[in-house]
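Presented below is the structure to which this report refers.
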Amino acid sequence: MKYVVGIDLGTSGVKTLLVDGEGGIIDSASVSYTPDFLSGGRVEQKPVVWWENTLKCLKALLEKHPEAKGKIEAVATSGQMHSSVFFDKNNEVIRPALLWNDTRTTPQVKEIFDLAGGKEKLLDMTCNLALEGFTLPKILWLKENEPENYAKVNKVVMPKDYINYMLCGEVKTDVSDAAGTLLFDVKKCQWSYELCEKVGVSPEILPEVIPSTGVVGTVKPDLCSEIGLAEGCKVVAGGADNSCAAIGNGVIKEGQGVISIGTSGTVIGYVGEINSEVTGGVHLFNYSAPNSRYAMGCMLCAGEALNWTKRTFFENLSFDDLNVLAEKAPAGSGGLVFLPYLFGERSPHNDPDARGVFFGIMGGCEKGNIIRSVMEGVGYAVRDLYEEVQKFTALDEIFITGGGAKSILWGQICSDIINRPLKVLNVSEGPSYGAALIALVGSGIAADFESAKGGKVKVVRETTPSENAAVYEKLYPVFREIYKANKNNFKLIKKALS
């Protein structure tokens with residue numbers, strides 16, 4: 001039996017997944033770590049922490065499964081997007097990486113819009129708007145604030161590219177991670193040399209770009225022996241975490257999409273060619289499937305809204321208790337509507353000043369109404385994302401994943417609000433399984449993603465819209481109007497307290 005390993009290099013930990021040559025999941029191992037949260041919204045991490053823990057994870061996995069030693073033919077990594085690793089001419093790390101959730105780069109974001117010639121021109125070059133988390137603002141921050149370090153930069157890579165380099169000694173990235181730098185022409189699938197010139201970044205510091213299923217190199221012989229990999233084990237490029245997660249959750253062809261209700265929330269849809277007007281309402285990135293892209297709407301607070309509700313109002317209740325109370329409440333929560341903008345909002349508003357709102361509280365409001373309104377508010381925000389993604393691709397088959405998908409009630413609410421059936425798969429690993437599928441295809445063990453799954457991935461539950469869909473169809477415009485009516489008030493609150 002042949003095996004592959006999918007690695008998920010996250011912000012707070014790394015996970016390795018052992019998968020057989022027929023797409024079957026054997027086992028996983030994980031290790032946690034904590035980024036360095038510094039003052040002023042700065043979040044950094046020494047890349048060596050990722051490498052040491054990845055090695056630890058791989059060894060732990062093989063110790064549990066000695067039958068796979070010497071039979072792992074390929075590895076591929078899914079990695080946190082946007083975070084920047086700066087290499088010098090010897091491919092040594094110059095300084096700790098600036099992570100995706102580092103917000104020190106607000107001045108550089110404004111600078112990018114100015115240098116690019118405005119929002120429309122930037123969208124024309126990259127299909128995306130500048131945000132603090134993206135890689136380009138971090139490069140400019142380094143250039144302006146640490147010129148001595150910037151002068152040493154030979155290459156800028158993403159976290160998973162650093163792991164690939166440590167495994168095989170080659171410096172490359174893939175299309176899905178390149179798209180998240182804000183220096184990539186998503187339509188042409190190449191670096192945007194025009195934008196590089198406008199912002200004063202040499203394209204020479206950008207790595208070679210290959211497909212997610214492209215082979216970066218082979219694992220160094222001494223590492224193959226140390227870890228227990230097959231001699232000549234291939235390092236397949238892998239991809240950005242959202243791209244790999246979508247692959248792992250069944251999105252492998254036109255018409256498919258996935259809703260994820262984790263701490264934050266996303267709606268992702270497979271896109272072939274970009275034929276609609278690009279407005280910045282969603283992210284448009286190159287995908288890990290061949291010659292494709294994906295549209296991604298992102299909300300900053302999804303499952304965390306229910307976590308906050310539990311911590312704040314129902315600390316002594318379990319999540320099962322919350323579900324029971326919410327089930328007893330009527331659809332529409334008796335007129336109570338919740339805006340889940342506890343941390344501002346990304347898609348479709350791009351409004352950092354937006355705030356959470358409970359609207360329509362009455363004396364008869366009970367605990368279940370509050371809990372259900374939070375679930376419904378997240379559902380309405382999911383529909384916002386869904387509507388934006390639909391502008392680029394018609395979703396015929398939609399999967400749902402993440403912690404929120406474990407709640408049958410919450411899945412039903414989302415199905416009712418977007419008025420579409422939602423499917424749950426028997427795979428919960430997402431990014432690491434997507435990376436493993438990429439390894440299977442990239443190594444040649446499988447011809448394509450469909451065959452890579454080998455019939456092991458199945459739908460375990462399908463939720464179809466109920467009669468409550470009619471109630472939510474009436475309340476969705478109300479949800480939208482509450483934000484519009486309070487958009488300026490959010491800014492006034494911020495101004496009053498600043």
Side-chain angles (χ1 to χ4, degrees), residues 1-9 14-31 47-48 50-79 87 90-92 157 159-174 207-208 210-239 244 247 288 429 431-449 451-454 456:
M1 174 66 74
K2 296 178 179 180
Y3 299 90
V4 298
V5 171
I7 303 169
D8 178 25
L9 186 68
V14 59
K15 180 177 184 178
T16 53
L17 191 70
L18 181 64
V19 173
D20 66 32
E22 297 176 348
I25 296 173
I26 307 300
D27 204 352
S28 65
S30 60
V31 179
V48 69
W50 302 329
W51 173 240
E52 289 174 349
N53 284 289
T54 298
L55 268 183
K56 186 185 298 184
C57 229
L58 287 168
K59 291 177 181 178
L61 193 62
L62 269 296
E63 284 173 8
K64 290 196 290 182
H65 293 278
E67 74 277 8
K69 285 190 175 182
K71 298 177 183 178
I72 295 174
E73 306 256 329
V75 298
T77 303
S78 161
F87 278 159
N90 298 314
N91 295 327
E92 296 287 338
V157 298
K160 70 106 171 57
D161 305 323
Y162 167 78
I163 296 299
N164 289 345
Y165 168 73
M166 295 299 288
L167 285 167
C168 71
E170 297 290 335
V171 179
K172 297 177 184 178
T173 193
D174 85 297
E208 178 186 349
I210 62 176
S212 293
T213 54
V215 176
V216 179
T218 56
V219 179
K220 300 170 186 174
D222 58 330
L223 282 175
C224 285
S225 300
E226 180 183 348
I227 299 168
L229 308 176
E231 184 179 346
C233 177
K234 293 182 175 67
V235 177
V236 181
C244 290
I247 293 287
S288 293
E429 283 76 7
S432 55
Y433 188 61
L437 294 178
I438 289 170
L440 285 170
V441 175
S443 63
I445 295 174
D448 51 38
F449 288 120
S451 58
K453 294 185 297 183
K456 301 293 178 70

Which value, rounded to the nearest 0.5 Å, describes the distance between Ile445 atom CD1 and Leu440 atom CG?
-> 5.5 Å
Do Ile26 and His65 have side chains that get closer than 4.5 Å, going by heavy atoms?
-> yes
Test side-chain contact (heavy atoms from CB on, under 4.5 Å), reference Val14, set Thr54, Ile163, Leu55, Thr77, output is Thr54
Would you check if the side chain of Asn90 reaches a backbone N or O of Glu92 as a donor-acceptor pair within less than 3.5 Å?
-> no
Cationic N near anionic O, under 4.0 Å, Glu226 to Lys59 = yes
Thr16 side, atom OG1; Leu62 side, atom CG - distance, nearest 0.5 Å = 8.5 Å
Under a 4.5 Å cut-off applied to non-hydrogen side-chain atoms, are Val235 and Thr218 in contact?
-> no
Any Asp161 side-chain heavy atom under 4.5 Å of Val171 side chain = no
Check: Val219 and Cys168 side chains under 4.5 Å, non-hydrogen atoms = no
Could you please spell out the steps behind the side-chain contact (heavy atoms from CB on, under 4.5 Å) verdict for Met1 and Glu67?
-> CA-CA 9 Å; Met1 174 66 74; Glu67 74 277 8; over 6 Å; no
Hey, mind stepping through Lys234 and Glu73 against side-chain contact (heavy atoms from CB on, under 4.5 Å) and telling me if it holds?
-> CA-CA 6 Å; Lys234 293 182 175 67; Glu73 306 256 329; 5.9 Å; no
Value rounded to 0.5 Å, distance of OG in Ser28 from CG in Leu61 | 7.5 Å
Nearest heavy-atom approach of Ala237 to Asn164 is O-ND2, 3.2 Å
Compare all side-chain heavy atoms of Val236 with those of Val75 and state whether any distance is below 4.5 angstrom.
-> no
Just by distance, do the side chain of Ser212 and the backbone of Gly238 share a donor-acceptor pair under 3.5 Å?
-> yes
Identify the heavy atoms of Ala435 and Gly6 that sit nearest to each other, and give their distance.
-> CB-CA, 3.9 Å
Heavy-atom pair of closest approach, residues Ala436 and Val4 = O-CG2, 3.6 Å
Tightest non-hydrogen contact, residues Lys172 and Val216, listed as NZ-O, 3.8 Å
Can you name the closest pair of heavy atoms from Lys453 and Tyr433 and give their distance?
-> CA-OH, 4.1 Å
Of all heavy-atom pairs between Thr173 and Pro207, which one has the smallest distance, and what is that distance?
-> CG2-CG, 3.7 Å
Roughly how far apart are Ser78 OG and Asp8 CG, rounded to 0.5 Å?
-> 4.5 Å
Could you tell me the separation between the CD1 atom of Ile72 and the OG atom of Ser443, rounded to the nearest 0.5 Å?
-> 12.0 Å
List the steps, then state whether side chain to side chain donor-acceptor pair (under 3.5 Å) holds for Ser225 with Asp222.
-> CA-CA 5 Å; Ser225 300; Asp222 58 330; over 6 Å; no
Fit a plane to each ring of Tyr162 and Trp50, take the angle between them on a 0 to 90° scale, and name the class: parallel (under 30°), tilted (30 to 60°) or perpendicular (over 60°).
-> perpendicular
Would you say the side chain of Val157 lies within less than 4.5 Å of the side chain of Tyr165, judging by non-hydrogen atoms?
-> no
Within a strict 4.5 Å, meaning less than it, do heavy atoms of the Glu208 and Glu170 side chains meet?
-> no
Distance col, row Ser432:OG vs Leu18:CG, nearest 0.5 angstrom, shows 11.5 Å
Go through the steps for Ser288 and Thr213 under the test side-chain contact (heavy atoms from CB on, under 4.5 Å), then give the verdict.
-> CA-CA 7 Å; Ser288 293; Thr213 54; over 6 Å; no
Can you find a pair of side-chain heavy atoms, one from Leu229 and one from Tyr3, that are under 4.5 Å apart?
-> no
